[in-house]
Structure formats: structure tokens, C-alpha cells
Amino acid sequence: MAAAVQQKTLRTPSELVDANLVSGNRLPALAAVAARYAVAITPAMADLIDAADPNDPIARQFVPDARELEQQPEESADPIGDDRFSPVEGVVHRYPDRVLLKIINACAVYCRFCFRREMVGPGRGGLSASALAAAFDYIRGDPEIWEVILSGGDPLVLSARRLKAVMARLSAIAHVKVLRVHTRVPVVAPERISAALLRALRTREKATFLVLHINHPRELTAKARAACARLIDAGIPVLSQSVLLRGVNDDAETLGALMRALVECRIKPYYLHHADLAPGTAHLRTTIDEGQALMRALRGRYSGLCQPTYVLDIPGGYGKSPIGPNYLGEDGAIVEDFQGRAHRYPPRHP
Ligand SMILES: *Cc1c(COP(=O)(O)O)cnc(C)c1O
Ligand code: SF4
């Protein structure tokens with residue numbers, strides 16, 4: 001049975017039951033999960049869930065699951081080592097030329113596989129005025145910082161007015177040339193991409209890029225496509241990042257369809273993330289071997305525009321490394337083509 005059209009974000013297991021997204025007998029198990037990890041499903045995403053399908057890929061991303069309370073020894077509350085690289089509250093400075101600025105710890109939806117799941121939740125709010133001032137001072141004080149990445153949480157849950165103030169203060173820093181926004185909002189709450197929000201994001205002085213988090217082709221609804229078109233038409237290039245998730249997008253057809261749908265919307269696939277070792281997410285992770293096989297399948301069948309870079313964020317804070325398949329033999333003399341045939345390089349003279 002399809003869920004009724006939701007008007008507001010669902011935030012508790014009993015609201016999920018009332019919306020017919022989960023059956024009532026799951027309530028106690030899901031309440032235990034919700035006590036530990038935040039839950040939110042926006043109307044746009046609730047409408048996409050086919051509750052009759054036990055393997056629905058949208059439900060798998062947002063509806064809590066009892067397995068989230070099973071933590072593996074290799075899983076960690078800080079799976080990519082952000083804490084070690086946080087010089088002031090809200091800033092993560094891992095690479096010399098760019099910083100993450102986590103301006104808010106709330107999101108429009110709470111993804112069950114979130115790598116910051118121990119940090120994000122409703123009511124966690126944004127950085128205080130004094131913390132924000134300290135973050136701006138830090139960025140202003142390091143001329144090597146060329147790019148600032150607004151992250152969170154999801155920066156686009158802030159009001160247009162607050163976002164505009166942040167963008168203006170970053171734009172005033174001469175050595176910062178690029179502002180990047182990491183967000184899921186154009187897909188999960190497309191109505192938020194308003195004229196006022198576009199005005200807030202666009203700055204005259206700096207290049208603004210937006211990186212959209214999206215994992216399944218069904219997320220690109222007509223409203224999501226229109227929201228992305230508004231951003232791109234306003235002069236904001238949009239790239240995508242996806243998390244490789246078991247039972248959501250871990251087959252070549254789904255992944256290929258996602259990448260094609262994005263390119264058709266003028267969105268360039270940027271990263272495919274190997275799922276991080278966040279607590280209670282083992283049921284959603286694939287192996288790296290599976291990820292490499294999927295990347296080979298993409299390379300074999302789809303346009304170069306449809307190829308993201310498959311990356312792993314190395315636990316401990318060592319940063320992202322590409323982990324896609326290798327086409328060059330170890331001796332450097334054999335290169336494999338997209339159909340798996342081996343060729344000598346340079347070719348032998350006849
Ligand atoms: C992922 C990440 C970035 C962005 O990396 P790119 O490869 O430039 O997309 C920057 N800083 C931190 C701390 C990150 O985790
Ligand atoms: S939107 Fe991003 S930060 Fe928020 S829960 Fe999902 S993955 Fe985590």
C-alpha cells in the first residue's frame with residue numbers, strides 16, 4: 001500500500017507507523033534505534049517509499065532498522081578521523097588548501113548510514129555566533145585556504161538570511177576563491193531551493209559549487225530535477241556524490257541509471273564513496289571488491305560523463321583515496337581495455 005501524501009517531516013517511529021511506512025509490530029525495535037540515532041523523513045522522501053516492498057531502496061536509506069544497534073569492532077563514532085583535524089569548533093582542516101566548515105549539525109533527513117551519525121540530530125543547532133566568529137578568524141588567518149566547504153549536517157536547512165550572512169563573510173576573505181556546499185536538500189526537500197536561497201548562495205566575488213548527495217535514481221523526482229535546474233540556471237555548477245550502499249545502489253543497472261539521470265540533469269557525477277565504518281551500518285556496506293566490479297561495469301557501458309571517482313575516506317583522518325579498479329598491469333607494459341582485453345603498451349613493432 002502506498003503511503004498517503006505527507007505534509008510534514010516524520011520524526012518518530014510511531015509517525016512512521018501512522019504513515020503506513022512500517023508495521024506496528026516493529027515499533028518497539030525501532031523505538032530503541034530512534035532513542036540512539038535521529039530519524040527524519042521529509043514528505044518528498046516519504047512519498048517515494050513503496051511500503052509494500054520490503055527491499056525498497058528509499059526506505060533502506062531513511063527508515064530505521066534494528067541492525068543499527070549491532071556495532072562491529074572496526075566501526076567508530078568518528079569513522080574518518082575528523083576530530084584530530086579540527087583546530088577550532090566546526091572546522092575540519094585535513095588538506096592544506098581547503099577546509100570543511102560544519103555550520104549546522106541538523107539535516108532535513110537522517111540517513112541510516114551517515115558517517116557523522118553520532119554528531120548530527122535535530123536541536124543540535126548551528127555554530128554559536130562566537131564559534132562562527134572563531135571559525136572565520138581561523139580561515140582568515142591561513143592564506144593557504146583556497147576553498148571553504150560548507151557542510152554539517154546540511155547547510156541548506158539554514159534560513160536564506162543566515163546562509164547569506166555566512167556566504168558574505170566568507171566572500172570577504174581575499175584568499176578564499178571557491179565556496180562549496182555539500183547538501184542533500186535539492187533532492188529531499190526541493191521546495192527549499194527558493195529564489196531567496198539562490199540569492200544567498202550566489203556571490204559576485206567567488207565561485208560557488210554545490211555537491212548534491214544522492215544515492216538512487218528514484219530520488220531525482222520532477223521536483224528535485226526542477227530544483228537542480230534552478231541552481232544550475234542561477235550559475236551554480238552542481239556535482240553529485242553518492243554512497244555505495246548494499247541493497248540501494250549496489251548493482252550496475254541502478255548505479256548506471258543514477259549516473260545517467262544526473263548527467264541528463266546537467267549534474268556531473270563526482271564521487272562514489274565506499275560506505276564509511278559508522279556504527280551499526282554493516283548491513284548497508286559492500287566490500288571494496290564489489291565496488292571495483294561495479295566501477296568496471298560502469299566504465300564498460302556508460303559515457304565518460306557518467307563516471308564518478310570511487311573513493312575511500314581512510315579511517316583515522318588520512319583523507320580520501322581513489323580505490324577504483326586498475327587497468328594498468330604492475331609492470332606498466334599491459335593495459336586492459338573497457339571490454340577486459342589486454343594490450344601491450346607501447347605496442348610491439350611488427
Ligand atoms: C571530503 C573532505 C574534503 C573534500 O575533499 P575533495 O576531495 O576536495 O572533495 C575536504 N576536507 C575534508 C576534511 C574532507 O573530509
Ligand atoms: S544528510 Fe548527510 S550529514 Fe545528514 S544524515 Fe544524511 S549523510 Fe548524514
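Counting convention: from 1, in listed order, for ligands and their atoms alike.
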- Task: Flag the pair Arg60 and Asp65 as a salt bridge only when some basic side-chain nitrogen lies within less than 4.0 angstrom of an acidic carboxylate oxygen.
- Result: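 The answer is no: the pair does not qualify as a salt bridge.
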- Query: Taking only residues two or more places apart in sequence, or in another chain, which ones meet Arg296 in a salt bridge (charged side-chain N to carboxylate O under 4.0 Å, His left out)?
  - Reply: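 Here the qualifying residues are Glu336.
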- Message: Please tell me whether Asp337 and His343 have a donor and an acceptor in their side chains that are separated by less than 3.5 angstrom.
- Response: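 Yes.
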- In terms of side-chain heavy atoms, does Asp289 have a donor or acceptor partner in Thr287 at a distance below 3.5 Å?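 No, Thr287 and Asp289 have no side-chain donor paired with an acceptor closer than 3.5 Å.
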- Item | Top protein contact for atom 2 (Fe) of ligand 2, by heavy-atom distance |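 The answer is His213 ND1, 4.1 Å.
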- Message: Heavy-atom distances under 4.0 Å decide this one: backbone, side chain, both or neither, for Val243 against ligand 2?
- Response: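 Neither; no heavy atom under 4.0 Å.
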Considering only heavy atoms from C-beta outward, does the side chain of [X] approach that of [Y] to under 4.5 Å?
X	Y	result
Asp233	Leu198	no
His182	Lys102	no
Arg117	Thr281	yes
Arg184	Met45	no
Leu277	Ser76	no

- Task: Can you tell me which residues line ligand 1 if we count any heavy atom under 4.0 angstrom from one of its atoms, in chain and number order?
- Result: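 Residues within 4.0 Å of ligand 1: Val92, Arg94, Tyr95, Arg98, Leu100, Ile149, Arg180, Tyr270, Tyr271, Lys320.
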- Identify, with sequence neighbours excluded, every residue that meets side chain to side chain contact (heavy atoms under 4.5 Å, CB included) alongside Ala40.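 Listed in chain order: Thr9, Arg11, Tyr110.
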- Under-2.8 Å protein N/O/S neighbours of atom 8 (Fe) of ligand 2, ordered by chain then residue number: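 Listed by chain and number, the nearby protein N, O or S atoms are Cys114 SG.
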